[in-house]
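For reference, the structure discussed in these notes is given below.
Letters A, B, ... are given to chains in the order of the sequence lines, protein chains preceding strands, and every chain is numbered from 1. Here the structure is a predicted model, which means the values were calculated and not measured.
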2 protein chains.
Amino acid sequence: MAAHEQYEELARQLSAIGAVKRGLNRALPPQCPPAAAFTLSMLRRYGELRMSRIAELLDVDMSVTSRHVAYAAEHGWLDRKPDPLDKRSRLVTLTPEGEALLDEVSARCVDALAHCLRDWSDDDVGLLNGLLARLREGFGECRTPRAPERQPAGPPARTPA
Amino acid sequence: MAAHEQYEELARQLSAIGAVKRGLNRALPPQCPPAAAFTLSMLRRYGELRMSRIAELLDVDMSVTSRHVAYAAEHGWLDRKPDPLDKRSRLVTLTPEGEALLDEVSARCVDALAHCLRDWSDDDVGLLNGLLARLREGFGECRTPRAPERQPAGPPARTPA
DNA sequence: TATTGTTATACTCTATAACTATA
DNA sequence: TATAGTTATAGAGTATAACAATA
């Protein structure tokens, strides 16, 4: 259990890290919004996926996934075909055009990171990656039950603020 | 200098960390958008600030800052008074109402983090905070010169894509 | 009846550009 | 002329709810 100040600082850092994401996004090719790039990268990593699985991986509502995938399909970066085993589902796969775009995206992002983080060691980056993954895991598990009004119903004995 | 794969992974982690931010945002009080909370926290940390300085701290355009500050002012969370030394500027300060809101925000965020990250040590959180701060620094310095088309002027020998 | 996916709507955040007021 | 700040507009991302098709 870490100290109060540490958590406050982490909350601030998470708010502020958006600037880094925006900086990285500016390196993306035109016509390729960040969410599309991320969707494609999940397809490359995991292969053929159903919409619902993509939504899980992106950690967004399926309605959002539907938009992103539709956009990428319009640009020819991926294909959607009906699942023969369940006609409600659609199976999404990367096209060669999508692969090529992803190569370009990856190269640009790696260039930007390698430039800005040129004084980072391999261990530094690995450590940050590990901590970020662990942070997401921790959050994925408890799933923040929608603003619980601080103490839903019970003696105020557990979290003395 | 870290490996190619490490940077790719970092790019993915940064894309995915938005889910944690959204989770944390859901813990915020009603009527308090994340950007307002972050603005208030900067005022508490640094005291009276000019608009342009807030824009720097938030790492967004001043037009964006202007909106956030105006929203917070409408809700009585901060005051804006003209700078006597430069009548173009406005000095922004936290009100008691803003302080109170910030206390509430802080408590909720710390609660959520303490719950989700209950198996993290003080050192773990400190390490992550430090790495995130360093990441922002590194990015702030090079400032990603707006999608430089990869190779501004040179032989096409590096990225065939 | 429950689930998969799509679409409509609304909200938040951001950048660019045009504008006002002051330096 | 240059700078501080505001406002209008447009683009990207997300969630909720209503809907269609299938299980």
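- The closest side-chain heavy-atom distance from A:Arg12 to B:Ser41 is below 4.5 Å.
- Remark: P of C:dG5 and CG of A:Leu58 are 14 Å apart, rounded to the nearest angstrom.
- B:Val64 comes within 4.0 angstrom of a base, heavy atoms only.
- With rounding to whole Å, A:Phe38 atom CZ is found 19 Å from D:dA12 atom P.
- Rounded to an integer number of Å, the gap from CZ of A:Arg90 to P of D:dA21 is 13 Å.
- Following rounding to the nearest Å, B:His68 (NE2) and D:dT7 (P) show an atom-to-atom distance of 14 Å.
- Note that the two end axes of the helix from C:dT1-D:dA23 to C:dA23-D:dT1 enclose an angle of 10°, each drawn from 5 base pairs, rounded to 10 degrees.
- Taking atom CZ of A:Arg26 as the reference point, atom P of D:dG11 lies 18 Å away to the nearest angstrom.
- Place A:Arg22 and A:Met62 on DNA chain C by their nearest nucleotides, and A:Met62 ends up nearer the 5' end.
- For C:dT16, its base sits under 3.5 Å from the side chain of B:Ser63 at one donor and acceptor pair at least.
- Here D:dT14 presents its P atom at 14 Å from CD1 of B:Ile17, a figure rounded to the nearest Å.
- Of the listed nucleotides (C:dC13, C:dT6, D:dG13), D:dG13 has the atom at the smallest distance from the side chain of A:Pro34.
- Set against D:dT6, D:dT9, D:dT16, the side chain of A:Asp61 has D:dT16 as its closest nucleotide.
- Across every non-hydrogen atom of A:Val92 and A:Leu43, the tightest pair is O-CD2, 3.5 Å.
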Contact pattern, 5' to 3', of nucleotides 18-23 of chain C - B, S or - by protein heavy atom under 4.0 Å
---BBS
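- Evaluation of the side-chain hydrogen bond (donor to acceptor under 3.5 Å, both in side chains) rule for A:Arg67 yields no partner, not counting sequence neighbours.
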Using distance only, find each side-chain donor-acceptor pair of residues 68-75 of chain A under 3.5 Å and give its atom names and separation, not counting sequence neighbours.
from: A:Tyr71; atom 1: OH; to: A:Gln31; atom 2: O; distance (Å): 2.8
from: A:His75; atom 1: ND1; to: A:Tyr71; atom 2: O; distance (Å): 2.9

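- Of all the residues in residues 48-56 of chain B, B:Arg50, B:Met51, B:Ser52 reach under 4.0 Å from DNA chain D with at least one non-hydrogen atom.
- Position along DNA chain D of the nearest nucleotide to A:Arg67 versus B:Ser66 favours B:Ser66 as the more 5'-ward residue.
- Closest non-hydrogen pair, A:Ala37 versus A:Leu102, comes out as O-CD1, 4.0 Å.
- Sorted by first and then second residue, the salt bridge (Lys or Arg N to Asp or Glu O under 4.0 Å) pairs involving residues 32-44 of chain A (not counting sequence neighbours) are A:Arg44-A:Glu99, A:Arg44-A:Asp103.
- Taking atom OH of residue B:Tyr71 and atom C1' of nucleotide C:dC11, one finds them 11 Å apart after rounding to whole Å.
- Checked by atom type, the side-chain pair B:Ser121/B:Asp123 shows no donor-acceptor distance below 3.5 Å.
- Between the CG atom of B:Asn25 and the C1' atom of C:dT12 there is a distance of 10 Å, given to the nearest Å.
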